Number of protein chains: 2
Amino acid sequence: MAQEPRPEEIPTLDQARYQIRRYGLDVDPQAVLVAVRLMAAGARLGQAVEVHFSRFGLSAGRYRLLADLEDADGEKSPSQLAASLGVSRATVTGLLDGLERDGLVLRRPSAEDGRSAVVVLTARGARKMRELAPEHFGRLQAMVDPLSAEERTVFLDLLGRLVRGIPALTQD
Amino acid sequence: MAQEPRPEEIPTLDQARYQIRRYGLDVDPQAVLVAVRLMAAGARLGQAVEVHFSRFGLSAGRYRLLADLEDADGEKSPSQLAASLGVSRATVTGLLDGLERDGLVLRRPSAEDGRSAVVVLTARGARKMRELAPEHFGRLQAMVDPLSAEERTVFLDLLGRLVRGIPALTQD
DNA sequence: AGCATTTGATTAGTCTCCTAACTATATGGG
DNA sequence: CCCATATAGTTAGGAGACTAATCAAATGCT
């Protein structure tokens with residue numbers, strides 16, 4: 001009776017070992033496993049988050065934009081939003097199209113700079129954020145509940161150091 | 001001179017605190033930070049991985065499909081691929097279209113089941129995997145290098161427990 | 001044996017993200 | 001002062017993922 005690996009244990013260490021051995025490489029399978037599991041976890045979490053936000057008629061990107069706007073007291077240019085969200089300006093244009101259609105934000109031309117726009121959080125947008133906050137943050141907390149306070153600190157440290165290693169994937 | 005937070009430290013604990021306080025919620029800001037940083041890390045890693053694979057004319061999804069096919073000794077049905085990759089069959093159809101166009105796999109009708117197809121890794125597909133393996137695994141290892149062996153073990157444990165908590169975002 | 005259900009694969013349509021190209025406005029060096 | 005360059009925003013087109021609908025083949029229940 002083969003023990004099926006649980007989805008959070010996919011991919012397995014053995015898979016990593018086989019793949020490395022197949023090419024006769026001198027690589028630490030556990031290091032590969034860390035990288036691959038983090039990718040898998042990111043993808044799974046990303047999908048779950050989209051499902052979560054769809055309950056409120058939002059996507060992860062739209063929620064993040066609204067939250068960022070609220071952090072900025074309700075006004076910010078699309079370029080600034082793109083920079084703080086870490087997405088392209090084209091993506092912000094798309095997010096704003098949806099949010100404006102739903103009446104959660106509106107675009108005003110900037111007074112100082114004729115090229116620029118100002119995105120304003122509407123009353124309806126603020127209300128939406130207020131309404132979904134308890135459930136949203138409650139579920140985030142529930143997700144992280146299995147970790148103790150010390151474990152959370154350790155996790156943030158280790159994750160930060162991995163994120164700092166990401167450029168190794170892409171540089172020169 | 002305000003110290004700009006480094007990108008791996010975005011979002012900050014203060015941002016989480018403000019957002020929670022704004023709605024008068026009783027939530028642990030550090031727990032929220034863990035959730036939000038993991039999402040951000042997943043997104044960043046996902047993008048970096050796409051850049052990484054684009055050097056070889058592949059995407060992350062196509063690479064994973066090829067690797068899975070190789071683990072299965074070069075033959076598998078699209079449905080099996082979808083199940084083991086954790087994506088929909090429609091997604092596999094799209095990945096196979098690209099891979100077949102590039103001559104890395106081919107589709108044969110199944111002998112046993114007239115509805116089914118068999119995806120076969122071509123010699124060219126196997127060669128591609130062999131060629132990219134050293135750089136691919138080397139870069140993965142470089143990314144994880146900042147963590148010691150013990151830290152990797154701890155990280156895998158904590159990450160696994162967080163992944164097990166993901167359903168809290170979506171259930172009922 | 002025949003018909004309903006299930007399963008495998010594809011297609012169509014949506015969503016988010018990307019890059020590249022375009023338009024309009026601002027800025028700064030000669 | 002004017003023209004080159006840079007910046008803001010949008011548009012166009014692509015890739016990967018999803019769901020839902022479709023079609024063919026296999027299974028299985030009477």
Side-chain angles (χ1 to χ4, degrees), chain A residues 39-40 42-54 56-66 75-102 105-119 170, chain B residues 39-40 42-54 56-66 75-102 105-119 170:
Chain A
M39 281 183 236
R44 284 168 62 97
L45 181 55
Q47 286 181 222
V49 166
E50 293 299 344
V51 171
H52 166 60
F53 282 118
S54 71
F56 310 112
L58 290 176
S59 66
R62 290 190 197 169
Y63 173 81
R64 291 213 306 134
L65 193 154
L66 292 178
E75 302 211 356
K76 217 165 177 181
S77 77
S79 283
Q80 291 172 326
L81 286 165
S84 53
L85 296 175
V87 300
S88 69
R89 284 172 312 183
T91 296
V92 169
T93 297
L95 294 174
L96 290 176
D97 287 345
L99 289 167
E100 193 165 35
R101 184 174 26 75
D102 293 349
V105 304
L106 52 85
R107 282 184 255 219
R108 280 201 293 96
S110 164
E112 298 91 42
D113 189 330
R115 297 166 299 180
S116 194
V118 178
V119 180
T170 52
Chain B
M39 282 183 237
R44 283 168 64 98
L45 180 54
Q47 286 180 222
V49 165
E50 294 299 344
V51 172
H52 167 59
F53 282 118
S54 70
F56 310 113
L58 289 177
S59 67
R62 288 190 196 169
Y63 173 82
R64 292 213 307 134
L65 194 154
L66 292 178
E75 301 212 355
K76 218 165 175 182
S77 76
S79 284
Q80 290 173 325
L81 287 165
S84 54
L85 296 174
V87 300
S88 69
R89 282 173 313 190
T91 296
V92 169
T93 298
L95 294 174
L96 290 176
D97 289 345
L99 289 167
E100 194 166 34
R101 183 174 26 75
D102 293 348
V105 303
L106 53 85
R107 280 184 258 219
R108 281 200 295 95
S110 164
E112 299 90 42
D113 189 329
R115 296 166 301 180
S116 194
V118 178
V119 180
T170 52

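Proteins come first, then strands; the chains are lettered A, B, ... in the order of their sequence lines, and each starts at number 1. Keep in mind that what you see is a predicted model, and the values were worked out from it rather than measured.
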- Earlier contact from the 5' end, DNA chain C, for G114(A) and V87(A): V87(A)

- Beyond-backbone contact of S79(A) with R89(A), side-chain heavy atoms, under 4.5 angstrom: yes

- R64(B) near the nucleic acid: base, sugar-phosphate alone, or nothing, with a heavy-atom cut-off under 4.0 Å? nothing

- Spacing of E100(B) atom CD relative to dA9(C) atom P, expressed in whole Å: 13 Å

- Rounded to the nearest angstrom, tell me the gap between atom CD in E112(B) and atom P in dG8(C). 13 Å

- Calculate, to the nearest 0.5 Å, the distance between atoms CG and OG1 belonging to L96(B) and T91(B) respectively. 10.5 Å

- Item | Steps toward side chain to side chain contact (heavy atoms under 4.5 Å, CB included) verdict (L81(B), V87(B)) | CA-CA 8 Å; L81(B) 287 165; V87(B) 300; over 6 Å; no

- Separation of H52(B) atom NE2 from dA15(D) atom P, in whole Å? 20 Å

- Query: From the list dC18(C), dA17(D), dG16(D), which nucleotide is the closest neighbour of the side chain of T91(B)?
  - Reply: dA17(D)

- Nucleotide by nucleotide, 5' to 3', does protein get under 4.0 Å of the base (B), only the sugar-phosphate (S), or neither (-) in nucleotides 8-14 of chain D, counting heavy atoms? BBBB---

- Interatomic distance where CD belongs to E50(B) and P belongs to dA17(D) [whole Å]: 7 Å

- Message: Quick check on dA15(D): is either OP1 or OP2 less than 4.0 Å from any side-chain nitrogen or oxygen of S59(B)?
- Response: no

- Item | Length of the line joining R44(B):CZ and dC18(C):C1', which is rounded to integer Å | 16 Å

- Query: R107(B) versus D97(B): any side-chain heavy-atom pair under 4.5 Å?
  - Reply: yes

- Message: Quick one, V119(A) and K76(A) - any side-chain contact, counting heavy atoms below 4.5 Å?
- Response: no

- Message: Without decimals, in angstroms, what is the distance between L99(B) CG and dG16(D) C1'?
- Response: 13 Å

- Walk me through it: do V118(B) and Q80(B) pass the test side chain to side chain contact (heavy atoms under 4.5 Å, CB included)? CA-CA 10 Å; V118(B) 178; Q80(B) 290 173 325; over 6 Å; no

- Item | Atom-to-atom span, CZ of F53(A) to P of dT16(C) - whole angstrom | 13 Å

- Item | Atom-to-atom span, CG of L65(A) to C1' of dT16(C) - whole angstrom | 13 Å

- Message: Just verifying a value: how many Å separate R62(A) CZ and F56(A) CZ, rounded to the nearest 0.5 Å?
- Response: 15.0 Å

